[in-house]
Number of protein chains: 2
Amino acid sequence: MSGEVNIKRLALELNISIATVSKALNDSHEISLKTKNRVWDLAKALNYTPNPAASNLRSNKTKTIAVIIPCVANNFFSLSIKGIEEVARQYGYHVLIYQTHEDTEMERSFTNSLLNGRVDGILTSVSSNEYNNEYYQNLVKKIPLVFFDRVYENIDTFTVTTDDYEISFNATEHLIESGCKKIAYLYGLEKLPAGRARFSGYKDAMNAHGLEVAEHLIVNYIDDDELNLQNIKKLFNENQPDAVFSSLEEFIIPAYTACQELKLNIPDDVKLLSFSNLSSAKLLNPSLTTITQPAFEIGNEAAKCLFKILNKKGIGDDQNIVLKSMLIKRASTGG
Amino acid sequence: MSGEVNIKRLALELNISIATVSKALNDSHEISLKTKNRVWDLAKALNYTPNPAASNLRSNKTKTIAVIIPCVANNFFSLSIKGIEEVARQYGYHVLIYQTHEDTEMERSFTNSLLNGRVDGILTSVSSNEYNNEYYQNLVKKIPLVFFDRVYENIDTFTVTTDDYEISFNATEHLIESGCKKIAYLYGLEKLPAGRARFSGYKDAMNAHGLEVAEHLIVNYIDDDELNLQNIKKLFNENQPDAVFSSLEEFIIPAYTACQELKLNIPDDVKLLSFSNLSSAKLLNPSLTTITQPAFEIGNEAAKCLFKILNKKGIGDDQNIVLKSMLIKRASTGG
DNA sequence: CTGTTAGCGCATTCAG
DNA sequence: CTGAATGCGCTAACAG
């Protein structure tokens, strides 16, 4: 009964036409205030809400956006979603979530499934297993899309990123200034601009201080915790770095485990520093020095960009927004 | 151009009727294989995908479910979402996310906005600021709904919870067995069944071992980090508990901070134990003993329940599913 | 096996 | 200012 309230019902009860009800509900200027009030009152009384499917079909708008990310169970992405959701709510939009599990195939499959009008726009942070921006060059012509954090370059749309290069440079300098000379680098996201920028920051800082960036000090991230641990232990055993800089939150965990297993003292034997958004950083041992990206603000900003496009505003603005990360110094680096 | 592919276009190009195309696409038994193949081939060639709004309007099905939770940026809930999303994908469903920020008003506002057919069903974990199940008693008659983790009782629908009472009892015993006698309790979610069950487990274990549950050993959680910290410091200063059992991940952080500020040694001066889903538990100091709920499995199970309802199966099954938590013993409790 | 017809709920012409 | 008529894209009842 109460689920069956539509404009037809309102029109019947008020003895006016469906069209008039529709216009009144949309606050059209061609309807008298008196009629509008009658409609609004009854709508409220009957708990009327427009059927979204019908509106969507008619208007080609869904009031829905999609977020496509590698994984929600991740400190960074879950905080980003929080930022996105907050802006969406302000605009009266709904938020669909899709997880790619770092798989470009799945990413495209999701994205393609959204091109038939299911959503008005997409926010995406791309998968790490591939870099190929051709797909997106065509895509952005078909649907409003904003990249955040993990972006493709040279695509005609908004991107929201952080100062990966600068913060990595600064973080590396911080290690050097605290006395480190053999700084190992745990390299993740090496196919994506963010990963490469982080590595460049590290490399350039090393070079700027006359330190060697040796091949054997670099460990590449792979999707296997056990192998990562082994590789890091090998790094420690064969090369005795005096610091480890991880470009990925997931990558510092095996490093920490390796320290425990090899009885390495932090920060005396080895200093640790990592990109990380651990929400409970206060519980960390030994208070890991971190590079923390403003995840919430990134989500916030990305969503705002998308609504700019959806509302056809802000064309001509700078399309590449760069937010600042923070270097939070702790005991692990003598900071 | 390619965005304009609909069944009308397919029908025109193939010189058959719109209805035939529709039936062929839905693999109806009343269409010849030959015709189906012609339709499928062209649909594929033109990259046809059905317009969801039109389908929804006609069929009253959206292939979409909603997840309403307090916050995504939370280890437990983000993992739950992962479990939900995985099941939804298997069923070809889309997932909408709504965050209530622990506000029952907002929770109801979101929920009400979903009653007009925007989604086929709802998964929800209720807000902590109120306990009032009247609203939901009516709601479950209007839309398929499954509660997970934070549930209301005596409502005719599925719930997916964990063994809060038993695991709290066991955890408390673990503390007692490791020599503790003055075990403080950090009390969260006190208005919800989960929170009360945790507290009962603690209380009953204390009593079972002849230990007093003193009023001054209980600290209630409030939504203010600074005040929580002060209250815990006061607890330490005035009552010198030899253990602290936190019923909430967020609540152990100020406890840990208090230990640092008061120079209390863990686990020698005080033992710490907490409900927690910290994904990077390996980084914790001093390896906090935790009660870890199977967050992913809870999401998984809850989603499966919802699809049971949606597919009209499993009526008569037990409606209250209880999953087992794990007590992960670490150095902080001498475990 | 295929086609004709009607209508889901809403918004937008265009007439009056 | 109000109403009658049309169609968004799709599905389903019914006819052939």
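In what follows, chains carry the letters A, B, and so on, assigned in the order in which the sequence lines appear, proteins first and then strands, with residues in each chain numbered from 1. Not measured: the values here are computed from a predicted model.
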Q) Once you round it to whole Å, what is the distance between P of D:dC1 and CD1 of A:Ile16? A)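 From A:Ile16 CD1 to D:dC1 P: 14 Å.
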
Check your understanding: Once you round it to whole Å, what is the distance between P of D:dG3 and CZ of A:Arg38?
Key ->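 Interatomic distance, CZ of A:Arg38 to P of D:dG3: 9 Å.
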
Problem - Stepwise side chain to side chain donor-acceptor pair (under 3.5 Å) test for B:Asp156 and B:Tyr136 - result: CA-CA 9 Å; B:Asp156 182 30; B:Tyr136 282 102; over 6 Å; no

OP1, OP2 of [N] versus side-chain N and O of [X]: anything below 4.0 Å?
X       : N      : answer
B:Tyr48 : D:dG9  : no
A:Thr20 : D:dT2  : no
A:Ser59 : D:dC8  : no
B:Asn60 : C:dC8  : no
B:Asn56 : C:dC8  : no
A:Ser32 : D:dC1  : no
B:Ser22 : D:dT11 : yes

Worksheet item: Are the side chain of A:Trp40 and the backbone of A:Thr35 linked by a donor-acceptor contact shorter than 3.5 Å?
Response: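 Not at all, since once roles are kept as given, no pair shorter than 3.5 Å links the two residues.
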
Original post:
Which heavy atom in A:Ala73 sits nearest to a heavy atom in B:Ser78, and how many Å separate them?
Top reply: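 For A:Ala73 versus B:Ser78, the nearest heavy atoms are CA-OG, 3.7 Å.
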
